[in-house]
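Step one of this worksheet: look at the structure below.
Chain A is the first sequence line, chain B the second, and so forth, proteins listed ahead of strands; every chain is numbered from 1.
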2 protein chains.
Amino acid sequence: MSKTQKIPEPTIERLALYSRPLETLLETSVDVISSEKLAQICDVNPAQVRKDLAFFGEFGVRGVGYNVRELLKAIKEILGSYRVWILGIVGMGNLGKALIGNDNFKKRNYRFAAAFDSDPLRVGQKLACGLIVKPVEDIEKSVHALGIEIGIVCSHGAEAQRAASLLMDAGVKAILNFAPAQVRAPKCCMVENVDFSVKLENLAYHLAKIS
Amino acid sequence: MSKTQKIPEPTIERLALYSRPLETLLETSVDVISSEKLAQICDVNPAQVRKDLAFFGEFGVRGVGYNVRELLKAIKEILGSYRVWILGIVGMGNLGKALIGNDNFKKRNYRFAAAFDSDPLRVGQKLACGLIVKPVEDIEKSVHALGIEIGIVCSHGAEAQRAASLLMDAGVKAILNFAPAQVRAPKCCMVENVDFSVKLENLAYHLAKIS
DNA sequence: GCCTGTGAATCCATTCACAGCT
DNA sequence: AGCTGTGAATGGATTCACAGGC
């Protein structure tokens with residue numbers, strides 16, 4: 001199975017989802033789990049869990065289940081979690097500052113190597129993590145000097161495209177965009193959007209429908 | 001068309017997506033736009049745009065396109081954007097504080113009415129927006145007193161479920177969860193997850209594949 | 001008996017292609 | 001001629017259901 005197949009995008013996202021409870025289970029010394037149980041915890045279908053895993057190999061034992069430690073290790077290897085990833089962040093408003101201090105990045109081997117902003121008032125500020133805010137003009141050389149691999153865009157909507165373009169021009173191939181605006185990118189670059197106002201409006205729509 | 005059909009979830013999310021450039025177009029006095037153009041801006045297929053809109057009515061004029069002002073109005077009506085929505089937020093760490101000060105909420109008629117935290121050190125703090133952090137024990141009565149309709153959960157993973165449960169027990173029917181943990185909810189409640197570490201791991205997976 | 005791995009069936013969303021209106 | 005609205009076709013992903021191994 002683990003050969004040259006096309007892996008569905010949702011599968012990758014679910015692998016990340018599975019890894020979280022597995023970590024907890026490992027800490028609490030549970031050593032085997034069935035697709036049924038894991039599915040229940042993650043709120044998905046058990047067959048889905050099995051199929052997702054089957055894309056990458058045979059990790060389970062029939063009649064028994066999956067060894068928690070081994071499964072977690074396998075998932076982390078698939079997701080590249082054993083490697084440190086170098087991040088650069090553009091837009092040091094409240095959200096940017098909150099992200100740079102966020103534990104989830106550290107815990108998962110993501111390191112912020114540089115922070116940028118286009119506002120001269122913010123440039124030069126010293127952040128809680130020790131980094132100093134650089135001007136966006138420095139993106140190009142910083143990306144090369146520091147080996148930045150993933151860019152985080154937290155600019156306001158209007159500036160998001162420019163921030164992303166500067167990163168991509170410097171050779172960054174993956175961007176996580178928090179701005180509520182679509183970012184255009186050549187198809188050699190990946191852009192993931194984290195747009196919570198879309199999610200909120202989705203909730204509002206459904207609430208409005210009921211009442 | 002606009003009758004009792006089941007609207008796909010992705011359609012709702014895209015409506016929110018369309019509304020953003022439409023606002024910009026309105027400001028720049030563009031009064032008509034084709035599905036082709038709008039699709040291009042939003043990076044989707046033109047037929048998709050037309051189909052999405054067709055679920056709710058006939059907003060366009062054949063041979064011409066869509067009137068920007070009317071279309072935006074229609075979308076906002078569908079999404080309930082003309083109504084103020086009352087929010088309560090649980091977990092006032094860096095992320096919680098960044099969200100409560102975030103412009104995108106204000107701009108779109110979402111109002112934070114209360115902020116909660118389980119940490120006694122945070123309870124009583126005065127936030128930049130003027131609110132005072134309340135203990136999570138106050139959730140029940142605050143939800144009723146203030147009419148909180150949507151709950152935002154920014155607690156750490158382990159506490160997210162408790163925060164969400166307190167909100168739902170108090171009658172909140174919609175939750176936006178920023179914690180990297182699955183929240184279980186009865187099906188009368190909606191939960192939307194904003195999980196940026198999943199998105200990051202997705203990017204990492206694809207990068208790891210290439211290099 | 002239990003649980004995985006997987007082809008087959010189903011379901012759902014996207015895209016095509018064109019009829020119909022301006 | 002141009003562009004919407006929409007049935008039909010396509011393409012994916014999810015779920016079912018069961019064969020295969022413990």
Whole-Å gap separating P (C:dT14) and CD1 (B:Ile12)
12 Å
Look up atom CG in B:Leu200 and atom CG in A:Asn104, then write down how far apart they are to the nearest 0.5 Å.
10.0 Å
Rounded to the Å, how far apart are A:Glu70 CD and C:dT4 P?
14 Å
d(CD, A:Glu36; P, C:dG1) in whole Å
17 Å
Distance check needed: D:dA13 P versus A:Arg14 CZ, whole Å only.
9 Å
Each nucleotide in nucleotides 16-22 of chain C should get exactly one letter: B, S or -. Can you fill that in based on protein heavy atoms under 4.0 Å?
BB--BBS
Measure CD/A:Glu9 against C1'/C:dA13 and give the value in whole Å, please.
16 Å
Closest to the B:Tyr66 side chain, choosing from D:dT4, C:dT14, D:dT6
D:dT4
For A:Leu53 and A:Leu15, run side chain to side chain contact (heavy atoms under 4.5 Å, CB included): C-alpha distance rounded to whole Å, both residues' side-chain angles, the deciding distance at 0.1 Å, then the answer.
CA-CA 8 Å; A:Leu53 298 175; A:Leu15 287 185; 3.9 Å; yes
C:dT4, OP1 or OP2 - any side-chain N/O from A:Ser35 closer than 4.0 Å?
yes
May I ask you to say whether A:Glu149 pairs ionically with A:Arg83, meaning some side-chain N is under 4.0 Å from a carboxylate O?
yes
Derivation of the side chain to side chain contact (heavy atoms under 4.5 Å, CB included) call for B:Tyr66 and B:Leu22:
CA-CA 11 Å; B:Tyr66 299 89; B:Leu22 285 175; over 6 Å; no
Would you mind reading off the distance between A:Gln48 atom CD and C:dG5 atom P, rounded to a whole angstrom?
15 Å
note: B:Leu53, atom CG; C:dT15, atom C1'; distance rounded to Å ~ 16 Å
Taking atom P of C:dC2 as reference, at what distance in whole Å does atom NZ of A:Lys37 sit?
12 Å
So does A:Asp31 pair up with A:Arg69, basic N to acidic O under 4.0 Å?
no
What class does the angle between the rings of A:Phe105 and A:Phe112 fall in, given that below 30° is parallel, 30 to 60° is tilted and above 60° is perpendicular?
perpendicular
